[in-house]
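Please read these numbers as outputs of a predicted model, since none were measured by experiment. Residue numbers start from 1 in every chain, and the chains themselves are labelled A, B, ... in the order their sequence lines are given, proteins ahead of strands.
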Amino acid sequence: MANKKSYWLMKSEPHECSIDDALAASNATVPWTGVRNYQARNFMWRQMRVGDGVLFYHSSCPEPGVAGIAEVASTPYPDPTQFDRHSKYFDASARPEEPRWWMVDVKALAKTRLIGIGELRAAAALTDMTILRRGNRLSITPVTADQWRHITTRLARSG
DNA sequence: GCCAACGTTGGC
DNA sequence: GCCAACGTTGGC
């Protein structure tokens, strides 16, 4: 039996990479570089599979919320910026023979209407979403199949 | 700009 | 291994 598809929410600051930027990229695919949190890294490194569903979330902006649909588009590979002395993501203690930070590529599939964080909080079916938990700061969080279905259905209804 | 929450660091 | 200090995240 094929591996079951998983779902994720991935935060991006739109002034760095918005859903429009991702859709405009070559093959609508962007490298999810710069993650420097072990929990978020582990999701990409150990759990994501090509084809997993991704909610593309805009954060640290005037209207935070789900802004598009995407999918995992590569297997994990070492984030090259950890070895780039000129990158703000440079990690002096990362060794090429044993990379510390791993990443995937993400392919944008569609821009959607914005489902703001207020609308997410107001949906009874979504109260357990990790992103809505008090004090949550993780940039990558798992989404359950039920939560995914609720959100994509909501988007389908509203165009 | 505020500040709650949380991860990381480093002295002990 | 404890834990206080510090830095960062991110909604408001």
Side-chain angles (χ1 to χ4, degrees), chain A residues 6-25 30-48 52-73 76-144 146-148 150-155 158:
Chain A
S6 298
Y7 303 95
W8 307 94
L9 182 146
M10 299 177 79
K11 294 181 189 172
S12 184
E13 302 190 11
H15 66 90
E16 291 195 347
C17 181
S18 68
I19 184 68
D20 289 320
D21 295 334
L23 283 166
V30 291
W32 214 263
T33 192
V35 170
R36 294 295 181 267
N37 170 283
Y38 288 105
Q39 211 178 335
R41 176 207 65 175
N42 288 345
F43 288 141
M44 292 195 287
W45 191 19
R46 299 303 200 196
Q47 291 187 233
M48 284 187 180
D52 278 0
V54 173
L55 299 172
F56 196 107
Y57 183 93
H58 284 175
S59 69
S60 295
C61 60
E63 290 186 297
V66 174
I69 300 294
E71 67 180 11
V72 175
Y77 60 98
D79 184 341
T81 61
Q82 70 192 300
F83 307 122
D84 178 0
R85 193 164 290 279
H86 302 295
S87 168
K88 66 175 172 176
Y89 301 122
F90 177 65
D91 183 344
S93 57
R95 313 241 132 254
E97 62 273 20
E98 193 179 351
R100 174 176 297 186
W101 303 112
W102 295 73
M103 56 180 282
V104 297
D105 291 340
V106 173
K107 180 181 173 70
L109 300 177
K111 182 179 186 175
T112 64
R113 76 171 176 87
L114 189 102
I115 303 184
I117 190 167
E119 182 176 345
L120 294 175
R121 288 193 194 285
L126 302 178
T127 49
D128 291 333
M129 278 189 87
T130 306
I131 186 83
L132 301 180
R133 280 214 299 257
R134 183 171 176 76
N136 165 73
R137 296 183 311 168
L138 257 191
S139 65
I140 300 175
T141 50
V143 171
T144 68
D146 282 347
Q147 291 161 355
W148 175 270
H150 180 92
I151 289 173
T152 52
T153 301
R154 180 176 287 248
L155 288 168
S158 54

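A salt bridge is defined here as a Lys NZ or Arg NE, NH1 or NH2 lying under 4.0 Å from an Asp or Glu carboxylate O, and A:R100 with A:D91 meets this definition.
Residue A:L138 contributes atom CG, which lies 13 Å from atom C1' of C:dG10 at whole-angstrom precision. The interatomic distance linking A:K11 (NZ) with B:dC6 (P) rounds to 12 Å, in whole Å. Counting to the nearest Å, the C1' atom of C:dG11 and the CD atom of A:E119 are 17 Å from each other. Atom OH of A:Y38 is separated from atom C1' of B:dT8 by 9 Å (rounded to the nearest Å). The separation between A:H15 atom NE2 and C:dT9 atom C1' is 12 Å, rounded to whole Å. Rounding to whole angstrom units, CG of residue A:L132 and P of C:dC12 are separated by 10 Å. The nearest whole Å value for the distance from the NZ atom in A:K88 to the C1' atom in C:dT8 is 13 Å. If you measure from atom CD1 of A:I140 to atom P of B:dC6, you get 19 Å, rounded to the nearest angstrom.
Taking 4.0 angstrom as the limit, A:Y57 places none of its side-chain polar atoms (N or O) nearer than this to OP1 or OP2 of C:dT9. Neither OP1 nor OP2 of B:dA5 sits under 4.0 Å from any side-chain N or O of A:R137.
Nearest to the side chain of A:R134, among B:dA5, B:dG7, C:dG11, sits B:dA5.
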Practice problem: Check the pair A:T153, A:H150 against side chain to side chain contact (heavy atoms under 4.5 Å, CB included), reporting the backbone distance first and the verdict last. | Solution: CA-CA 5 Å; A:T153 301; A:H150 180 92; 5.9 Å; no
Quiz prompt | Worked check of side chain to side chain donor-acceptor pair (under 3.5 Å) between A:T81 and A:D79 | solution = CA-CA 6 Å; A:T81 61; A:D79 184 341; 2.7 Å; yes
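Within 4.0 Å of A:R36, counting heavy atoms only, lies no atom of the nucleic acid at all.
Side-chain contact between A:M48 and A:S6 is absent, with no heavy-atom pair separated by less than 4.5 Å.
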